[in-house]
Structure formats: C-alpha cells, structure tokens
Amino acid sequence: MKNVKYNENYSYEDVEAICKFLLEKSHYRPKIGIICGSGLSNLADILQEQEVIAYSDIPNFPTCTVQGHRACLVFGILNDKPVICMQGRFHKYEGYSTSKVALPARLMYLLGVEIMIVTNAAGGINSDYDPGNIMIIKDHINFPGMAGGSVLRGPNDERFGPRFPTMNNVYNDKLRELVKVAAKNCGISNIREGVYCFLGGPSFETVAELRFLKAAGVDAVGMSTVPEVVAAGHCGLKVCGLSLISNKAIMDYDTDDKPNHEEVLDTGKTSCANIQSLVSDLLRLIEV
Ligand SMILES: O=P(O)(O)O[C@H]1O[C@H](CO)[C@@H](O)[C@H]1O
C-alpha cells in the first residue's frame, strides 16, 4: 500500500497554494481543463508542446490509488487552446475527503479554466448501449448527494461559490450540441446522450440495483464524475461530460458474466482513439 493521506481538508488557501505552484512551474494559462477517466489517460497524448508534472511532485497534492489512472498533470496546446489535463482522478470510494474529490475542479477554477471536460468509463444500463459507445452526459443522478453525501457538504466558502448552487444545465447545452457536431465531423456514429448515475462504489451493482436504476431513467452508471461536476458547477465552470460505455450492465440472474475493472480498462484502450478525436475536434469548435 502506498503511504496515502486520505483525510486532509483542502481550504481555499490550500488550493490557491497549489495553483500558485503550478503557475510558477508552467507558462501555460489554461482555459480548458480535461479529466481522464479510468483507462483513458492516453487522452492527454493529443496535447502538443506538453509540460508534464507528476502529482507526486506537486506539494500537498493527492495521489491516485486506482489502476488505470496515471497521476500526472499535463499542460499543453490543443487546436491553439491552452489546456490542462489531469491523468487520474480521486474517487470518493478511495477514502478521500470531499474537499480532495472537489480539488480538480476548484484548482481548474483558480487556474482560470472556463470549461471542464470530464470523462469516465461507465456501465451501460440503457439496453441500446454497447461497449465502445460514447455517451454525452445530459444530466446526472447524484445518489450519495441525495442522501447527504454531497461533495459540497460542510462549511461553504463563498470564494468558491454560493451555499445553494443550481445544477440546471450544469452539463452545458451548447457544449453538448458542439460534441454532436464534432462526432459527425469525426465520423463517430455511436454517440449517445443520456443520464449518468453516480454511486459510491467500489462494489459493482447488484442486478436488483441495476434494475432499480433502469426504472429510474438512468442510462449509464459509474463511481465518479458527479462530485467533480457539482464542485465545478458550484464555482461557475461550464461542463462537458463524456462517458465511455466500457461494459454492459448485467441485468439478469441467469448468466455467469460479471463486471470487472480489467474489461473497463480494455475498452478504454480500444476506444480511446475515438474520444481523442472527439475531444480534439470539440476544442477546435469551442470559442474561449
Ligand atoms: O469513473 P472512472 O474513474 O472512469 O472509473 C470507473 O471505472 C472504475 C470501475 O471499473 C470506477 O472507478 C468507475 O468510476
């Protein structure tokens, strides 16, 4: 086991200190931030003129404990736009404090980022979804949040955002339309749009839970993203969310199939190129 510190709280000043360190280290002033999901670290390869900083070289920065998350910050240029890309996120199930899970979005905000593109691997609940499909996140269900486990739980620092932020249109409608245009440009026909449900994990869902989620209108399920999106919405970032459907959720008892992280990572490997071209064309279309 790595010597991981789980519970520190990240105050505004802590995030500011990390931001200052990065602005001194890098000449980039990113306007767009990208978070790579499980198995999708290669998404950062599309950045040109890269400056790579390992999380372990950033003072007071968390580490990644999950396989498929590379734990590096990559600054670079994509279609003439300055970008920061996080190769690896912090999941609540790893045991991290809420302010640690909120850190990527808050750091991007203080760095001057205006648009956060968040990616993940997710299980397909919608029966029309197949592994390799890309789902534009239209909305989410924040299960832990609905039960008092919001990433914003605790004292509110108004410098990040208001006590009661809205989540309407948090997955920005204009960005969603641009993703559809980008998908057409790239010849990606298996693009979907749907509702992502965040569960606490790390156990995969039971058949009964999946049937319940399906009845509730969920299209894809995962264990991340929503805390980052809520933190981003809190501080006014525009968000674009993309789920790579890495596996089909198993809704039947009469099968020996089981979800597993290896399959999730394998789909990431085989489908990363599609996400790369999609994000690349999206950045060409975005005006910041
Ligand atoms: O959401 P990301 O980080 O892409 O990873 C997904 O894949 C892992 C399970 O295989 C979980 O962490 C789940 O959330």
Side-chain angles (χ1 to χ4, degrees), residues 4 6 33-44 55 62-73 85-96 98 100-105 108 116-125 129 131-137 139-145 149 151 171 192 194-206 209-210 213 218-232 239-250 257-272 274-276 278-279:
V4 180
Y6 291 103
I34 300 175
I35 300 180
C36 300
S38 284
L40 296 172
S41 288
N42 289 349
L43 183 50
Y55 290 178
T63 190
C64 293
T65 69
V66 180
Q67 203 198 339
H69 293 261
R70 216 178 282 164
C72 286
L73 267 188
C85 185
M86 292 196 62
Q87 289 182 307
R89 59 156 48 97
F90 316 118
H91 304 82
K92 195 83 182 86
Y93 65 74
E94 292 173 78
Y96 289 132
T98 49
K100 213 169 249 195
V101 181
L103 177 64
M108 286 180 186
M116 183 176 91
I117 301 172
V118 59
T119 67
N120 62 50
I125 289 188
Y129 288 10
N133 290 172
I134 297 168
M135 184 186 87
I136 305 165
I137 307 179
D139 201 353
H140 69 226
I141 294 181
N142 182 359
F143 240 104
V151 73
Y171 300 93
R192 316 281 184 194
V195 173
Y196 175 90
C197 180
F198 163 53
L199 298 181
S203 52
F204 286 104
E205 304 70 41
T206 64
E209 286 165 348
L210 289 167
L213 295 180
V218 171
D219 296 295
V221 62
M223 309 169 196
S224 74
T225 302
V226 169
E228 295 150 1
V229 170
V230 171
V239 174
C240 172
L242 299 173
S243 291
L244 172 66
I245 305 302
S246 53
N247 56 291
K248 254 176 135 53
I250 294 157
D257 290 347
K258 293 182 181 68
N260 59 83
H261 192 54
E262 289 66 42
E263 183 185 5
V264 170
L265 297 182
D266 282 350
T267 312
K269 251 184 234 150
T270 49
S271 303
C272 195
N274 269 353
I275 303 228
Q276 285 176 330
L278 190 64
V279 170

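Just the heavy atoms: all of them, side chains too, but no hydrogens, waters or symmetry mates, feed the values below. Note that the coordinates shown come from a computational prediction; the quantities given were computed from them, not determined experimentally. When a residue number appears, it is its place in the shown sequence, counting from 1. One-based numbering, in listed order, for ligands and for the atoms of each.
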Ile137/Leu242 under side-chain contact (heavy atoms from CB on, under 4.5 Å): CA gap, chis, key distance, verdict
CA-CA 6 Å; Ile137 307 179; Leu242 299 173; over 6 Å; no

Can you sort out which atoms of ligand 1 are near Phe204, meaning under 4.0 Å from one of its heavy atoms?
9 (C), 10 (O)

Would you say ligand 1 has an N or O under 3.5 Å from any N or O of Asn120?
no

So does Thr65 get a backbone contact from the side chain of Glu94, meaning a donor-acceptor N/O pair under 3.5 Å?
yes

With heavy atoms of Gly37 as the reference, note each atom of ligand 1 found under 4.0 Å away.
4 (O)

How far apart are the closest heavy atoms of His140 and Tyr171, and which atoms are they?
ND1-OH, 2.8 Å

Option with minimal heavy-atom separation from atom 14 (O) of ligand 1, where the choices are Glu263, His261, Gln67, Met223:
Met223

Identify the protein heavy atom lying closest to atom 12 (O) of ligand 1, giving its residue, its atom name and the separation to 0.1 Å.
Tyr93 OH, 2.7 Å

Atom 3 (O) of ligand 1: closest protein heavy atom, distance to 0.1 Å, is His91 NE2, 2.7 Å

Under the 3.5 angstrom rule, does the side chain of Tyr196 hit a backbone N or O of Ser224 as a donor-acceptor pair?
yes

Please identify which of these residues, Ser38, Ser243, Ser246, meets the side chain to side chain donor-acceptor pair (under 3.5 Å) condition with Asn120.
Ser243

Look at atom 1 (O) of ligand 1 and say which protein heavy atom is nearest, naming residue and atom and giving the distance to 0.1 Å.
Ser224 OG, 2.5 Å

Can you list the atoms of ligand 1 that are under 4.0 Å from a heavy atom of Val264?
7 (O), 10 (O)

Give me the residue, atom name and distance of the protein heavy atom closest to atom 5 (O) of ligand 1.
Ser38 OG, 2.7 Å

Which is it for Met86 and Tyr55 under the side-chain contact (heavy atoms from CB on, under 4.5 Å) test, yes or no, and what are the steps along the way?
CA-CA 9 Å; Met86 292 196 62; Tyr55 290 178; 3.1 Å; yes

Are the side chain of Lys248 and the backbone of Tyr129 linked by a donor-acceptor contact shorter than 3.5 Å?
yes

